Amino acid sequence: MQYVPGQTPAPGWNTFGPVFQPATPAPALHHGALQPKGHVPQTVAVVLLVLLVTYLVLYGVLRWKLPADSPGRKRADRWLWCWSSLYDGQACCFYNVIFSPVVLTIHAIRIYLPNCL
């Protein structure tokens, strides 16, 4: 088929020849299409809940098994239940580093919020 000037080209042709129509690609599946929405936050919540329960059970068992004034009980209190000393910055270094953003936020709210009210 030849193009004649002034004539409308046939469908699928332009003035230079046939027009290539690319095949429409299949819709790509993204990661969100494979799992229902809310799946990842739900999984994270379950993992955090399991870790919290494990932590509390471990500490409860250690407190129950160890005598009140034993060095083992003092070590368990220092490493597993040091929230009051964490608030003062006297906990073990690992907890001070991990929870410092939380403690800083609590201190900032405690210091500055009452003055604003």
Side-chain angles (χ1 to χ4, degrees):
M1 174 178 221
Q2 283 288 0
Y3 173 70
V4 179
Q7 191 179 29
T8 305
W13 287 72
N14 64 13
T15 56
F16 302 107
V19 176
F20 174 70
Q21 295 290 335
T24 56
L29 291 176
H30 58 283
H31 181 70
L34 300 177
Q35 295 179 347
K37 293 184 187 253
H39 181 72
V40 173
Q42 183 181 14
T43 304
V44 171
V46 169
V47 168
L48 288 175
L49 182 64
V50 167
L51 287 174
L52 178 66
V53 168
T54 304
Y55 170 78
L56 292 173
V57 167
L58 175 68
Y59 180 68
V61 167
L62 285 175
R63 275 192 68 94
W64 181 56
K65 289 283 186 183
L66 297 171
D69 292 330
S70 69
R73 176 92 172 254
K74 290 179 182 174
R75 266 196 311 270
D77 285 341
R78 172 150 173 83
W79 288 97
L80 292 176
W81 203 260
C82 59
W83 303 112
S84 61
S85 53
L86 178 70
Y87 188 73
D88 297 332
Q90 301 298 321
C92 64
C93 183
F94 175 74
Y95 286 133
N96 281 336
V97 169
I98 295 297
F99 292 107
S100 63
V102 175
V103 173
L104 272 168
T105 304
I106 291 170
H107 279 303
I109 290 171
R110 181 182 60 85
I111 292 169
Y112 296 111
L113 186 63
N115 292 335
C116 294
L117 298 177

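A quick note: this is a predicted structure, and the numbers were derived from the prediction, not measured.
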Peer 1: What pair of heavy atoms forms the shortest contact from Leu86 to Tyr95, and how long is it?
Peer 2: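 Taking every non-hydrogen atom into account, CD1-O, 3.4 Å.
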Peer 1: Considering only Ile, Leu, Val, Met, Phe, Trp and Tyr, and joining two whenever side-chain heavy atoms are under 4.5 Å apart, list the other residues clustered with Leu104.
Peer 2: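 Under the 4.5 Å side-chain rule, Leu104 groups with nothing.
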Peer 1: Quick check on side-chain contact (heavy atoms from CB on, under 4.5 Å): which of Leu52, Val53, Thr54 does Val50 satisfy it with?
Peer 2: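 That would be Thr54; it is the only one of Leu52, Val53, Thr54 passing the side-chain contact (heavy atoms from CB on, under 4.5 Å) with Val50.
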Peer 1: Only pairs at least two apart or in different chains count here, so list each salt bridge (Lys or Arg N to Asp or Glu O under 4.0 Å) that has a residue in residues 90-99.
Peer 2: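 Applying salt bridge (Lys or Arg N to Asp or Glu O under 4.0 Å) to every pair that reaches into residues 90-99, excluding sequence neighbours, yields nothing.
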Peer 1: Could you give me the CA-CA distance, side-chain angles and deciding distance for Cys93 and Val97, then say whether side chain to side chain contact (heavy atoms under 4.5 Å, CB included) is met?
Peer 2: CA-CA 6 Å; Cys93 183; Val97 169; 4.2 Å; yes
Peer 1: What side-chain donor-acceptor pairs closer than 3.5 Å can you find for residues 56-65, not counting sequence neighbours?
Peer 2:
| unit_1 | atom_1 | unit_2 | atom_2 | d |
| --- | --- | --- | --- | --- |
| Tyr59 | OH | Arg63 | NH1 | 3.0 |
| Tyr59 | OH | Asp77 | OD1 | 2.6 |
| Arg63 | NH1 | Asp77 | OD1 | 3.0 |
| Arg63 | NH1 | Asp77 | OD2 | 3.4 |

Peer 1: Apart from Tyr87 itself, what residues make up its hydrophobic cluster when side-chain heavy atoms of I, L, V, M, F, W and Y under 4.5 Å apart count as a link, directly or indirectly?
Peer 2: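 Noted: Tyr87 shares its cluster with Val102, Ile106.
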Peer 1: What residues, two or more places apart in sequence or in another chain, satisfy side-chain contact (heavy atoms from CB on, under 4.5 Å) together with Ser100?
Peer 2: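 Ser100: no side-chain contact (heavy atoms from CB on, under 4.5 Å) contacts found.
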Peer 1: Which salt bridge (Lys or Arg N to Asp or Glu O under 4.0 Å) pairs, counting each pair once, include a residue from residues 42-51, with sequence neighbours left out?
Peer 2: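 Passing the test, one end in residues 42-51: no pairs.
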Peer 1: Hey, can you pull the donor-acceptor pairs under 3.5 Å for the side chains in residues 68-76, sequence neighbours left out?
Peer 2:
| unit_1 | atom_1 | unit_2 | atom_2 | d |
| --- | --- | --- | --- | --- |
| Ser70 | OG | Pro67 | O | 3.1 |
| Ser70 | OG | Arg73 | N | 3.2 |
| Arg73 | NH1 | Leu66 | O | 3.2 |

Peer 1: Other hydrophobic cluster members with Val47, side-chain heavy atoms of Ile/Leu/Val/Met/Phe/Trp/Tyr under 4.5 Å, chained?
Peer 2: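 Members alongside Val47: Leu51.
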Peer 1: Can you list every salt bridge (Lys or Arg N to Asp or Glu O under 4.0 Å) pair that touches residues 81-92, not counting sequence neighbours?
Peer 2: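 Listed once each, the pairs would be none.
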